[in-house]
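Only a predicted model underlies this, so the values are computations on that prediction, with no experimental measurement involved. Heavy atoms only: backbone and side chains are in, while hydrogens, waters and symmetry mates are out.
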Amino acid sequence: MEQPMSLRADQPLEPRGKHRLKRRGPQHVTPGPTKIQQKTQDPLTSPADVPVPEPRPADAQKAEVSKKDELKTQAPKSGGAADRLNQDKSHQKKQARPEPSADTENEPEPPSVAPTPPPKPGTVEPEVEPPAVAPQPPQKPADAGDEKMLPDPRSADLPDDKMPDEEVSCRERLKTLGVEFEEHKAESNPDIGCSIPYPIVLKTLGKSIAIGPGTELNCPMAEAAARFAADVIQPAAKAEFGADLQSIGQASAFVCRPRHGTRKLSEHAFGNALDIASFTLSDGKKIEVGPAPPEKDAKFLNAVRKAACGPFKTVLGPGADPDHALHFHLDLEPRRHGGTFCQ
């Protein structure tokens, strides 16, 4: 009985019911590609009938980057023919199109010149130019400069029908000192506040000391000036120059005004102050009060100025302020505890 033929292990089986096995004779068989070679060559080709959608620009870039990363991590260091083929394709794509960086793959390239948005209608601010003329402060009302003086109790002093006893006694003392004077009518200015109810006009400060021009003072100030001339100025002139004091040139006596730059009434407004500008000696020498007198004159003037602080409550002169650069200011302003102010 004939035994069935055994099949070769390398011959593929054909499905049943289609073909019957043919007896094989001596044939020359050309060996085909092995399975290993088929597996290696399969990835090189893709089916022609399967359509592949074209990737979008952003997706293509991401896919390309992901593909590169996958090849880097999975490919062995000694790659085969497929690896070299993939690298050649990647190299050709790089040459055809520059590869975007990971940081800017999703960002559009900025334009060479930044576009300026058009201004909104009606909201464009005009350029501010400096004014041609500096702005002036608003003018004050017409009556703003009419500031009243600060109140002083002496502003209410008015003459009585009969001269008070202290005024009578003061005039008797002046006559004893050899002072020549004349009575003057009362001075009063209610709007400003000046007042001198019993003024006198001095002609001399003693038997041999003249004063001029007409010097209107209250009696206590006149007496203080006469005593100071006889007790201080006359001896100082004799000691320094060897001559007698002949006359005093006054710069101001009674003047109805406030102190410079203030709202406080000056002592001149009450006939209580005397400004001395010069001294004339019996030999004709004239000594003027100033900031830089000659040496001998300066010595005399300094002696008079220093001695005046005490008999008078206020003494000012050159160096005290610009208003007193050319005269001595002497007054009897009442001060707390009988103090003095001398500069």
Give the C-alpha distance, both sets of side-chain angles, the deciding distance and a yes or no for side-chain contact (heavy atoms from CB on, under 4.5 Å) between His268 and His329.
CA-CA 10 Å; His268 288 282; His329 171 90; 3.5 Å; yes

Assess the residue pair Arg171 and Met163 against the criterion (side-chain contact (heavy atoms from CB on, under 4.5 Å)); give the C-alpha distance rounded to whole Å, side-chain angles, the decisive distance to 0.1 Å, and a yes or no.
CA-CA 11 Å; Arg171 282 158 174 77; Met163 185 178 290; 3.9 Å; yes

Please determine whether side-chain contact (heavy atoms from CB on, under 4.5 Å) holds for the pair Glu216 and Glu187, giving the CA-CA distance in whole Å, both sets of side-chain angles, and the decisive distance to 0.1 Å.
CA-CA 10 Å; Glu216 184 179 2; Glu187 300 276 6; 3.1 Å; yes

Please report the C-alpha distance between Leu174 and Cys219 in whole Å, then the side-chain angles of each, then the deciding distance to 0.1 Å, and finally whether the side-chain contact (heavy atoms from CB on, under 4.5 Å) criterion is met.
CA-CA 8 Å; Leu174 288 178; Cys219 191; 3.7 Å; yes

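Between Pro293 and Ile287 there is no side-chain heavy-atom pair separated by less than 4.5 Å. Considering only heavy atoms from C-beta on, Arg259 stays 4.5 Å or farther from Leu265 through its side chain. Looking at heavy atoms from C-beta onward, Ile248 lies out of side-chain contact with Thr215 at the 4.5 angstrom threshold. Side chains of Arg154 and Pro334 form a contact here, defined as non-hydrogen atoms less than 4.5 Å apart. Side chains of Gln234 and Ser208 form a contact here, defined as non-hydrogen atoms less than 4.5 Å apart. With a 4.5 Å cut-off on side-chain heavy atoms, Cys170 and Tyr198 do not count as touching. Side-chain contact between Ser282 and Leu245 is absent, with no heavy atoms from C-beta onward closer than 4.5 Å. Within the 4.5 Å cutoff, the side chain of Phe181 has no heavy atoms near those of the Val201 side chain.
Within the structure, side-chain hydrogen bond (donor to acceptor under 3.5 Å, both in side chains) contacts touching residues 288-314 (residues at least two apart or in different chains) are Lys285-Asp297, Thr314-Asp331, Thr314-Arg335.
Distance check, rounded to the nearest 0.5 Å: CG of Asn218 to CD of Glu223 gives 10.5 Å. With rounding to the nearest 0.5 angstrom, the CD atom of Gln250 is 8.0 Å from the CG atom of Asp275.
Minimum interatomic distance between Gly271 and Ile196 (heavy atoms only, all atoms of both residues): CA-CD1, 3.9 Å.
The aromatic rings of Phe279 and Phe328 are tilted relative to each other, their planes meeting at an angle between 30° and 60°.
Counting non-hydrogen atoms of neighbouring residues, nucleotides and ligands closer than 6.0 angstrom, the CG atom of Asp160 exceeds 12 such neighbours.
With hydrophobic clusters built from ILVMFWY side chains whose heavy atoms lie under 4.5 angstrom apart, Val315 does not share a cluster with Phe270.
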